[in-house]
Asks: 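Let me begin by handing over the structure; questions about it come next.
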Protein chains: 2
Amino acid sequence: MVYLKNIICFCSFFLAVQVMSQEHPNLILTQQGVQDIKKALGNVPLFDASLSEAKKFVDAQIAEGIQVPIPKDMAGGYTHERHKLNYLTMQKAGVLFQILNDNTYAIYVRDMLMAYAKMYPNLPRHPEERSYSRGKLFWQCLNDANWLVYTSQAYDCIYPFLTKKEVRYLETNVFRPMADFLSIETPQFFNRIHNHSTWGNVAVGMIGLVMQDDALISRALYGIPNAQLEKGAKDNDGGDIFIEGQKAGFLANLEEPFSPDGYYTEGPYYQRYAMYPFMIFAEALQNVKPEIAPFQYKDSVLLKGVEALLNLTDADGEFFALNDAQKGMSIFSGSLVSAVNIAYYYGNRNPSLLSVAQSQGRVQLDQTGLAVATDVALGKAKPFVKTSLLLTDGANGDQGAIAILRSNKGTPLTLVMKNAAQGLSHGHYDKLSFSLFQGGNEIIQDYGLARFVNIEQKNGGGYLKENKTWAKQTIAHNTVVQDEISHFNGDYSIGSQYHSDMYVFDTSNPDIQIASAKENNAYSGTALHRTMVMINEPTLKQPIILDIMRVKAKAAHQFDMPFYYLGQIISTNFEYTKSSTLSPLGKAHGYQHLWLEGQGTSTSGSAQLTWRNSNTFFTLTTATTKNDDLLFARIGANDPEYNLRPDPTFIVRKQAQETVFASVIEPHGSYSTVSELAQDIFTSVKMVGVLYNTEAYTAVKIQLKSEKEFIFLMANTDASSNKKHTVKINNTTFTWTGVGDLQIQE
Amino acid sequence: MVYLKNIICFCSFFLAVQVMSQEHPNLILTQQGVQDIKKALGNVPLFDASLSEAKKFVDAQIAEGIQVPIPKDMAGGYTHERHKLNYLTMQKAGVLFQILNDNTYAIYVRDMLMAYAKMYPNLPRHPEERSYSRGKLFWQCLNDANWLVYTSQAYDCIYPFLTKKEVRYLETNVFRPMADFLSIETPQFFNRIHNHSTWGNVAVGMIGLVMQDDALISRALYGIPNAQLEKGAKDNDGGDIFIEGQKAGFLANLEEPFSPDGYYTEGPYYQRYAMYPFMIFAEALQNVKPEIAPFQYKDSVLLKGVEALLNLTDADGEFFALNDAQKGMSIFSGSLVSAVNIAYYYGNRNPSLLSVAQSQGRVQLDQTGLAVATDVALGKAKPFVKTSLLLTDGANGDQGAIAILRSNKGTPLTLVMKNAAQGLSHGHYDKLSFSLFQGGNEIIQDYGLARFVNIEQKNGGGYLKENKTWAKQTIAHNTVVQDEISHFNGDYSIGSQYHSDMYVFDTSNPDIQIASAKENNAYSGTALHRTMVMINEPTLKQPIILDIMRVKAKAAHQFDMPFYYLGQIISTNFEYTKSSTLSPLGKAHGYQHLWLEGQGTSTSGSAQLTWRNSNTFFTLTTATTKNDDLLFARIGANDPEYNLRPDPTFIVRKQAQETVFASVIEPHGSYSTVSELAQDIFTSVKMVGVLYNTEAYTAVKIQLKSEKEFIFLMANTDASSNKKHTVKINNTTFTWTGVGDLQIQE
């Protein structure tokens, strides 16, 4: 009986192999795709260039010879970087084998896989013990999953070249053990709602699709049923490993962290990272199991996600540094090349994606990249125009939002306001925070993360302790801090329960664009309401930003509002004193990392700070009383290893129970270090004042040096667009319709 | 008799006017030039584009209407910027009148000149009193001279359009009075060896040439004879106004501050500024008084000066910040466009100048620019290749030199070593200092000046007091400071008496380029000898810099060697402690402006500091003893108005009577914020040690991690290239020929 069963098994295995070997490649590159590509070569410049680039890269690696070292190092170290290079090279080599019909590439992949198959069965977990889910090839399972996602593609491509014996050997010694290792042997890695798990799910799913293993595919899609995970367990970043009742697997990771608008709650830096496995597995599912309909899932959330990502960028295509984010990451990353190509092919062939692909200068080497390259060559590309946009957060879009205001008058001005949820373990405590860009320059910056990704000298390339003590803290952001304590007391478990709420997002009038949000949980008993308005008025050469932060507490507190301006201070309109020795501004919640450089007060009712950034001038004018402290500080205190950037900040400090921080930021003028010509180096704003502030209404006056006055009127509790409001301020009656209105007095 | 004389005078005046009006334009643009230009238009893209740009600029100004306000403001203010715009516009409008035959432009210039003529006779000196030579239109005569240099050209161009009455009115009310005002009424401005005087001389000379006034021309060329100047008088920067026996005038200013190699002793920033009047007046003299032969003067020093300037730049064409220099000034400045065009035309038509002109993207609107544009269109341009170069300083080339070492392996590496004279009043106290560039990035920076040129908020755009207290001081530079006192005690009158001496400049072996210089006067009784070697060795992926600073004093002193690295610290190989509060490093000589951030010591014999700059890594390895202090500091203390940049420095401090600072700087590796790939992020240098140091010989060992060793051997007192040297070090005998040698031990 046992004997018979074995025979049957053997036969079915044999048949399967036969059938499958005829079908491969079918995971990403398809047989039809290969035929189409071969026909098109030479007439599709973007594709031709990408292929030539890949060939150059792989040929150089082949020349260096195969190296499969015993794992030892952290990121940045030899074994880590070598294994990473190996999977990147194998994936490309597999594609080259298919497209160029050159066995050299198949042999290279086969021999390298054999070396892995020889090593893998005896590998213990990686000797570096710092990860909550140690890998085998790398210090964390995440990187092992990266390896498998890429290598599955290489395996699929050279499958027809392999003997049955080789297939069996590889699957027995590497692929199946690794799939199990990443899932059932490491459920704390596999069964979460987290980008780590997405990579794990996709790794298992991709190899499952190649091996036609339904158990693996099901595990990838739906997670491990009844995984024994400890409630309350945390990962290295303090993120939850298991939350009662939460689903797992690829589809749950598509369902939960994405909002209906395609915003990924961890922020664009991690969305970019997760986008590759999301999109490549969706393509694979579409090819092999189209009945899953991955691109239609959750009202086409993956396609929306690509559009969202492309919009979460400055003029240079660099992502906004929301939450943990390393600056400089951009739409030129490989994962975005892949995402744009796949979204073009499986979406509605949006021609504006073609211009993005053109700027990326390369395509994915499969039928999606071919389609993009072909249509670019046919001249179908249209500009990708970024406009103002609201991206809701939360699985159902009801956990606040990222609000983006844009103006394209002169150099594009972009305001990003974070009125969203915590953002899982990579979230920062920065409710109602903002950052401001002019073109590709950060004018008021979000610090981003405290980490040097893949720089081994800096904690092995991992997160630095300053990420928690500084980068995540509220004072590191452009938002209000009460009593030198971070939002939610900097406690992840509390912060995760809440989110800000959008009050208004109205860009119907391109000259008065309003984003307004409320936050009632950051500090118990304190209500925060911030309204930011991008005002484009003909007499102003450039648009200005009006920022109204209303604060109402149950008792008097100290409130700090920092502005992380970048650049060199040109002037102030108030007196200040620089310190003769420097001490930290505070003791905890990030304050310990700020040197207090100087302080002053303003007696004029409006404090002004002008700075120069990249040869443009900016002036912040903020309404003040004589009791407000104006602090100049710089990052860098209690930073024993120079892990932080010594960037400056300007802090407005008020002592109050109820108050309004009302400010205007005006970009103005220019300077050339070549012609030494200085133009419009003085602000056109004379003063900013709060005229009125009640529960129902707020009015802020902006007086220009031309003596023209703007009065911005805001209804604080009724956001309807057709409601008529009347308020009497200093014997003048103001009337307007809708939530906010700008009235101009000559 | 009186009556008759008047008649004769009148007649000769009348005749002169008649004759002259037929000859104009003849100052810069010539009648032949105008004809040639008209013929070529439409077929000389660079010229066509420049003309079109000028037309656009002038048309916009004409549309704004003529504004000639009563002078009031400092640089950056309205009246200053307006008068500046006026002369720039008039000069262009004059050219447009000639080339386009459109009276609109002549009328615009005429009417504006009439407005000046109406205002000028009643103008007192400028109300702002801070200059040693107050102007009338501007706060300093320098700017009035700028006005006249440009306006003379406009006047020459529209001369044929003017009536005799208008000519007389303008010359009587503006041009002659202004020429006298700038010279005989302000001799302290006119009669110096200084870029100010050059502008003054040329202003008077240019208008003299247009007016055919030999007295003015002679005054311009030879200065005011017997000017009553007070001995010992100083200008605002502490520069000498009058030195006994010193000549004056244009030719003296060509003779004295230029070295035979064309290096201008104030440094490239001011050379660029002076180059416009030097070259434009030379062109005018060549046109009107060719017997002066200005381009042949002092063995063609003006033409050499243009070549020198183009070489005193980094890969982006930005000038090295030697002495007072605002960073960002580059070969794209208008004065360099003019200089390159004139040098091409009147020099030997060097085709490499054409590629510079191409990169500048515009030409001067006269026959020189036409020649350049024509030859560029004919494809005659050749690359301008910058190589290693020695530029002597001093009128006779015997006052030290600027040494430039370059390597073009990988990203170009450029080392600039300042072993020159004081550099007049714009000089810094930085004997044997250096700076290092990779491509266009500053890796080890020279701070430059402390000034925001034309930014009114910053001291009216003038020099800031921090220029004296910080930027000029020795500690602000990458050279040795003894006992926290600047070279020459920071005293200009002492510093001006001395210069460093080149010992060796040998770039005959491109893989071992040596620059070596000695300084014996910066500190009484202390001898400084610095040797810098650019080593390109096949096993190193990029060239390295070996820096050997030998110090020998008569008694023990404290010696500080700062390295103004730019970028983020990645790691050190030694322990250090950051300060919990910050205090200034010292009390005077610039030390009061440095915050001491941390300090440490090295027990391994070599201290290493690795930093990242623009995604490249750099490691400084410096030989140390346990007694050396390693200090981390940052600029910004005692800076009450944020006039300084908060840049970092690393200081090696030794207590010794005789010592050697031996260091290696290695550029290595790369990082991409898009791919997050880190390569070669560790230095390949293991240690640097001083093997031997006597009066006669110094030997430094560089040990690589590969265990390969470099031994650099240097003869300190015999610079001949064929002398054979033998020295026994630790029982090993080293033999070499020539002053320095690199010996490699595997």
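First the proteins, then the strands, lettered A, B, ... as listed; each starts at 1.
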Asks: Would you call A:Leu594 and A:Ile635 a side-chain contact if the rule is heavy atoms closer than 4.5 Å?
Replies: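 Yes, close enough: below the 4.5 Å cut-off.
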Asks: Looking only at heavy atoms and a cut-off of under 4.5 Å, which of B:Ser335, B:Gly461, B:Pro646, B:Ala637 has the most pairs with chain A?
Replies: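 Top count of heavy-atom pairs under 4.5 Å with chain A: B:Pro646.
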Asks: Answer yes if the side chains of A:Thr616 and A:Ser614 hold a donor-acceptor pair under 3.5 Å, and no otherwise.
Replies: no
Asks: For A:Lys84, is it the side chain, the backbone, both, or neither that has a heavy atom closer than 4.5 Å to a heavy atom of chain B?
Replies: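 Side chain of A:Lys84 only, per the 4.5 Å heavy-atom cut-off to chain B.
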Asks: Is it true that the side chains of A:His593 and A:Thr469 contain a donor and an acceptor less than 3.5 Å apart?
Replies: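 Their side chains do contain a donor-acceptor pair, which is all the 3.5 Å distance test asks for.
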Asks: Quick one: of B:Gln568, B:Arg645, B:Glu597, B:Lys458, who has the most non-hydrogen atom pairs under 4.5 Å with chain A?
Replies: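 Option with the greatest count: B:Gln568.
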Asks: Against chain A, label B:Tyr671 side chain, backbone, both or neither, depending on which of its atoms sit under 4.5 Å from a heavy atom there.
Replies: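 Interface part for B:Tyr671: side chain.
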Asks: Pick one of side chain, backbone, both or neither for A:Arg612, based on which atoms fall under 4.5 Å of a heavy atom in chain B.
Replies: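 Just the side chain, heavy atoms under 4.5 Å.
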Asks: Does B:Trp139 offer a backbone N or O that forms a donor-acceptor pair with the side chain of B:Asn143 under 3.5 Å?
Replies: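 Such a contact is absent between B:Asn143 side chain and B:Trp139 backbone.
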Asks: With distance as the sole test, does A:Thr649 use its side chain to make a donor-acceptor pair with the main-chain N or O of A:Phe563 at under 3.5 Å?
Replies: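 At least one qualifying donor-acceptor pair exists.
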Asks: Non-hydrogen atoms of chain B under 4.5 Å away: do they reach the side chain of A:Phe617, the backbone, both or neither?
Replies: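 Just its side chain gets close to chain B.
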Asks: Taking the six-membered ring of B:Phe57 (Phe, Tyr or Trp), confirm whether the NZ or CZ of B:Lys92 is under 6.0 Å from its centre and within 45° of its axis.
Replies: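 Judged by the rule (NZ or CZ under 6.0 Å from the ring centre, within 45° of its axis), B:Lys92 counts as positioned above B:Phe57.
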Asks: Below 4.5 Å from any heavy atom of chain B, which atoms of A:Ile331 appear? Answer side chain, backbone, both or neither.
Replies: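 Looking at A:Ile331, nothing touches chain B.
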Asks: Checking heavy atoms, do the side chain of A:Ser580, its backbone, both or neither come under 4.5 Å from chain B?
Replies: backbone
Asks: So for A:Ser579, is it side chain, backbone, both, or neither that comes closer than 4.5 Å to the heavy atoms of chain B?
Replies: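 Answer is backbone: N, CA, C or O of A:Ser579 sit under 4.5 Å from chain B.
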Asks: Report which part of A:Asn454 has an atom under 4.5 Å of a heavy atom belonging to chain B: side chain, backbone, both, or neither.
Replies: both
Asks: Just so I understand: if I count every heavy-atom pair under 4.5 Å between each of B:Leu85, B:Asn615, B:Leu336, B:Ile455 and chain A, which residue has the most?
Replies: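 Option with the top pair count is B:Ile455.
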Asks: At a heavy-atom separation under 4.5 Å, does A:Tyr269 approach chain B through its side chain, its backbone, both, or neither?
Replies: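 Looking at A:Tyr269, just its side chain touches chain B.
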Asks: Where the side chain of A:Glu666 meets the backbone of A:Ser684, is there a donor-acceptor pair that is under 3.5 Å apart?
Replies: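 The answer is yes, because a donor-acceptor pair under 3.5 Å joins these two groups.
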Asks: Should we count NZ of A:Lys705 as having more than 12 external heavy atoms under 6.0 Å?
Replies: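 Yes.
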Asks: Answer with side chain, backbone, both or neither: which region of A:Asp639 has an atom nearer than 4.5 Å to a non-hydrogen atom of chain B?
Replies: both
Asks: Taking side chain as everything from C-beta outward and backbone as N, CA, C, O, which of these in A:Glu676 sits under 4.5 Å from a heavy atom of chain B? Side chain, backbone, both or neither.
Replies: both
Asks: If we define contacts as heavy-atom pairs under 4.5 Å, which of B:Glu318, B:Lys327, B:Arg634 has the most with chain A?
Replies: B:Arg634
Asks: Can you tell me which portion of A:Glu456 sits under 4.5 Å from chain B's heavy atoms? Options are side chain, backbone, both or neither.
Replies: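 Contact with chain B involves both backbone and side-chain atoms of A:Glu456.
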Asks: Can a salt bridge be assigned to the pair A:Asp680 and A:Lys541 using a cut-off of 4.0 Å between side-chain N and carboxylate O?
Replies: yes
Asks: Nearest heavy-atom pair of B:Val674 and A:Met329: which atoms, and what distance?
Replies: O-CE, 3.2 Å
